[in-house]
Amino acid sequence: QVRLVESGGGLVQTGGSLRLSCAASGSIFSINSMGWYRQAPGKQRELVAVATIGGGRNYGDSVKGRFTISRDNAKNTVYLQMNSLKPEDTAVYYCNAEGVITTAQVMSTKVSPNNYWGQGTQVTVSS
């Protein structure tokens, strides 16, 4: 079974920085993309940043230039460095792993990539 464990959320003042981490555990063979989404109260979940296994990076418009996503493929871990935080960045941040293939699938030759979500971590930016 694959689990995503997030850490690094908290309370920070406007203009401050936080670093989120998300580690995927389990018998993982590969993960196509890992990234972060966020959901503020009363709003839909939105893309923050995604990193593909091939090195591609994609950011939501509202965080471009302020947030940086990085990924350690060997550790199945993704990081989100958030700088110049604003009150509108306040949300629950969810880690996502898309296109996960387990070693059991590879050994069985029945590969069926799955998607997984973390439990979420709260980020609050005070004005």
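Numbers here simply count residues along the sequence, with the first being 1. Nothing here was measured: the structure is a model prediction, and the numbers come from that model.
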Any side-chain hydrogen bond (donor to acceptor under 3.5 Å, both in side chains) pairs touching [range], not counting sequence neighbours?
range            : result
residues 74-84   : Ser17-Asn83, Gln81-Asn83
residues 39-55   : Arg38-Glu46
residues 101-121 : Glu6-Gln119

Can you tell me how far [atom2] of [Y] sits from [atom1] of [X], rounded to the nearest 0.5 angstrom?
X     : Y      : atom1 : atom2 : value
Gln13 : Ser126 : CD    : OG    : 5.0 Å
Trp36 : Tyr94  : CH2   : OH    : 12.0 Å
Glu98 : Ile31  : CD    : CD1   : 11.5 Å
Leu20 : Cys95  : CG    : SG    : 9.5 Å
Arg71 : Leu80  : CZ    : CG    : 14.0 Å
Asn73 : Ile28  : CG    : CD1   : 11.5 Å

> If we only count heavy atoms from C-beta on, is the Pro87 to Thr14 side-chain gap below 4.5 Å?
Replying inline: yes
>> Distance alone, cut at 3.5 Å: any donor-acceptor contact between the side chains of Glu88 and Thr90?
In response: no
> Is any NZ, NE, NH1 or NH2 atom of the basic residue among Asp61 and Lys64 found under 4.0 Å from an Asp or Glu carboxylate oxygen of the other?
Replying inline: yes
> Would Tyr59 and Val50 satisfy side chain to side chain contact (heavy atoms under 4.5 Å, CB included), going step by step from the backbone distance to the final call?
Replying inline: CA-CA 7 Å; Tyr59 293 92; Val50 171; over 6 Å; no
